[in-house]
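Below is one structure, written out as structure tokens, with a few remarks after it.
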Amino acid sequence: MANHSGLINNVDLRSHENNLAHRTREIDRERLIVRRGQPFSITLQYSKSLPPKHHLELVLHLGKKDEVLIKVQKERGDGDKWWFNQQGAQDEMLLTLHSPADAIIGQYRMAVLVMSPDGRILEKTDKIKFHLLFNPWCKDDVVYLPDESLLQEYVMNEDGVIYMGSWDYIRSNPWNYGQFEDYVMDICFEVLDNSKDALKNSKMDVEHRYDPVYVSRVITAMVNSNGDKGVLTGRWDDSYSDGVPPYKWTGSVPILQQWSKAGARAVKYGQCWVFAAVACTVLRCLGIPTRLITNFSSAHDVDGNLSIDILLDERLESLEGRNKKDSSWNFHCWVESWMKRDDLPKGYDGWQVLDPTPQELSDGEFCCGPCPVTAIKEGNLGVKYDAPFVFAEVNADIIYWIVQQNGEKKKVKVDQSGVGRNISTKSVYGNHRDDVTLHYKYPEGSKKEREVYEKAGRKVTEPTNGSAEPGQLKLSIKHAKPVFGTDFDVIVEVKNEGSRDAHAKLTMLVMAVTYNSLHRGECQRQTISVTVPAHKAHKEVLRLHYDDYVRCVSEHHPMRVKAFLEAPGENEPIMTVTNIPLSMPELLIQVPGKAFVRDQVIGFISFTNPLPVALKGGVFTVEGAGLLPATEVHVNGDISPGQKVSVEFVFSPMRTGVRKLLVDFDCDRLKDVKGVATVVVRKKYPFGIPDHY
């Protein structure tokens, strides 16, 4: 940064060494990017020595129109102010700047003023720019996380795993967060700049960006586009022809880039895991430790009564248009961010729930959180933000009602333990699942759990279809873990634990639903009369054929099987429900040989068609942080049943390290087929690889 006309003829931001010390080198090696609460140095080069009694002053400007001005003190103050010290040597001056641990994050413009003894500005150098981020390595920063292994995962790791499916059949989905890809940081600040608060009062917005609670709420609201200029539009009805289906995305970077290039116009489309993944990217990039959470059997309680009322007609079909649209989702994703908060009771610091999926309003915005995980576990629903809603997501009762033709409702099933199961996140120590359910709730059925329910206002009653009594019938559904495209069996078992034979009417219904329980069509129905001898069991086998269920079930929607039993002598009907996810075929990805940065690498993808019909329009999408941007590779021609196809692709790695290569396959009859491979990218040495490498 040269200026040949004055006393200061050059400014060296020392970006390489500063960025290395501040752990921002992965973001950029040329621009200066530092973290708050940690000093950094720049060098001024003089055309001649600074005259006696002349001195330097530093002024910082923040905001698009320099709305915030900060004068940097010359000596250390109370710890909450910017200050600098200087060391001169001949024609150079080393300036070391110290930012407070609660400094505002954002892009700063710094002016260096050469002042005369009488206080006049003799020279001004003001084209010095740098970015300041949160600092989870700084003990005085409220996002401080005192564990290096956690920091490497929740701030520095660009690759993730999202858990999907159902509580009893969990599948992993690789994801490229890509928070350090080129200009992603700039887009993250662009997201903040386009918030309602920023557009309404830019100065007030900038002044609040010291606070991770404020910043995380803004990000949570801005990731969805409901009511603002947010990043993603949500859609759950399978009509994606004017955008990208949610299941096709494999990373956050293309979404953020598309939003930015379109002038802050929302990208189509996202669902909960996409919203959560984009939020995770932005928060990690800004320096807030963040991890993605999946809650299996997640409740959406609209009216806050801690009860999810599922209304069915007499054919056991959902009455989705009735009442409040309470629902139970197979899984739901949000993020947790780590921070200390002054407004919380002691012991409530740490992981905070943030949910960017637009569900309910929070202070007039479609956002949720930050809500302390500890508050959810302890049933303390009076803390900010949105604790009652999050508590219901992991604790609500599910009550099934049959609405008769005359409008009367009959309660047929109460499930008090089915919500909030196998709450999951990626392990810090590899690509396997960590179960964090006990962070959110005490063990099911424990005394402590009942105390929490009482504190939170949830009634504890005996569930229907509960413990066995003389003459009572038991109803259960068993199934294998089927692959989409195969035929398979579902077994419905009626067990008589009484001392007399039982006669009953059994209705079995197979339907297609979305992961958030929207009804997509009926596949099969059967009603029969059964006689079950005392102390015996009766089994009915439903054979589900691909040719039949493909008409109503897609590969990324589960089947829902309901069994309904009515028997004389029973106090009420018996119902049980199970979801059957359909697993996907696998992709084989190979990258033979060694990979070196900026050298061309060849990769291979192979796939075998598992369906009894030909596949048309096959396309692979490949991407990876530090490897290559999202790139499409098309399959030539149709893929016959059982046929194996292989394609090759070429890329040149951009950054060294252990990298993940993510692949998505889509065609006319199969979507959301994922694969992942690990690529170790090495440095290039001009004289060969050292022996110790």
Roughly how far, to the nearest 0.5 Å, is the [atom2] atom of [Y] from the [atom1] atom of [X]?
{"X": "Met508", "Y": "Leu565", "atom1": "CE", "atom2": "CG", "value": "10.5 Å"}
{"X": "Glu365", "Y": "Lys196", "atom1": "CD", "atom2": "NZ", "value": "4.0 Å"}
{"X": "Cys280", "Y": "Ile219", "atom1": "SG", "atom2": "CD1", "value": "12.5 Å"}
{"X": "Met575", "Y": "Glu566", "atom1": "CE", "atom2": "CD", "value": "11.5 Å"}
{"X": "Gln352", "Y": "Thr290", "atom1": "CD", "atom2": "OG1", "value": "11.0 Å"}
{"X": "Asn579", "Y": "Phe296", "atom1": "CG", "atom2": "CZ", "value": "12.0 Å"}

Is there a donor-acceptor contact under 3.5 Å from the side chain of [X] to the main chain of [Y]?
{"X": "Ser216", "Y": "Pro212", "value": "yes"}
{"X": "Trp167", "Y": "Phe331", "value": "no"}
{"X": "Gln271", "Y": "Arg235", "value": "yes"}
{"X": "Lys340", "Y": "Gly350", "value": "no"}
{"X": "Thr281", "Y": "Tyr177", "value": "yes"}
{"X": "Arg525", "Y": "Arg315", "value": "yes"}

Axial cation check for [Y] ring with [X], 6.0 Å and 45° limits:
{"X": "Arg291", "Y": "Trp338", "value": "no"}
{"X": "Arg171", "Y": "Tyr163", "value": "no"}
{"X": "Lys377", "Y": "Tyr442", "value": "yes"}
{"X": "Arg284", "Y": "Tyr154", "value": "no"}

For this session: Using the side chain to side chain donor-acceptor pair (under 3.5 Å) rule, take Ser424 and Thr294 through it: C-alpha gap first, then chi angles, then the decisive distance, then the call.
Result: CA-CA 5 Å; Ser424 303; Thr294 301; over 6 Å; no

For residues [X] and [Y], establish whether the separation of their ring centroids is below 6.0 Å.
{"X": "Trp351", "Y": "Tyr440", "answer": "no"}
{"X": "Trp273", "Y": "Tyr515", "answer": "yes"}
{"X": "His300", "Y": "Phe389", "answer": "yes"}

Under a plain distance cut-off of 3.5 Å, with no hydrogens placed, do [Y] and [X] share a side-chain donor-acceptor pair?
{"X": "Ser166", "Y": "Asp168", "value": "yes"}
{"X": "Asn295", "Y": "Trp334", "value": "no"}
{"X": "Thr437", "Y": "Asp435", "value": "yes"}
{"X": "Asp355", "Y": "His332", "value": "yes"}
{"X": "Asp242", "Y": "Tyr269", "value": "yes"}

Problem set entry | Neighbour count >12 (heavy atoms, 6.0 Å) for atom CG, Asp342 | no

Exercise. Hey, what do you get for Cys552 versus Cys523: SG atoms under 2.5 Å apart or not?
Worked result: yes

Problem set entry | Non-hydrogen side-chain atoms of Tyr169 and Ile580 separated by less than 4.5 Å |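 Not in contact.
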
Exercise. Among Ser297, Ser298, Pro388, Ser328, which residue meets the side-chain contact (heavy atoms from CB on, under 4.5 Å) test with Glu393?
Worked result: Ser298

Exercise. Do Asp211 and Arg341 sit within salt-bridge range, that is, some charged N less than 4.0 Å from a carboxylate O?
Worked result: no

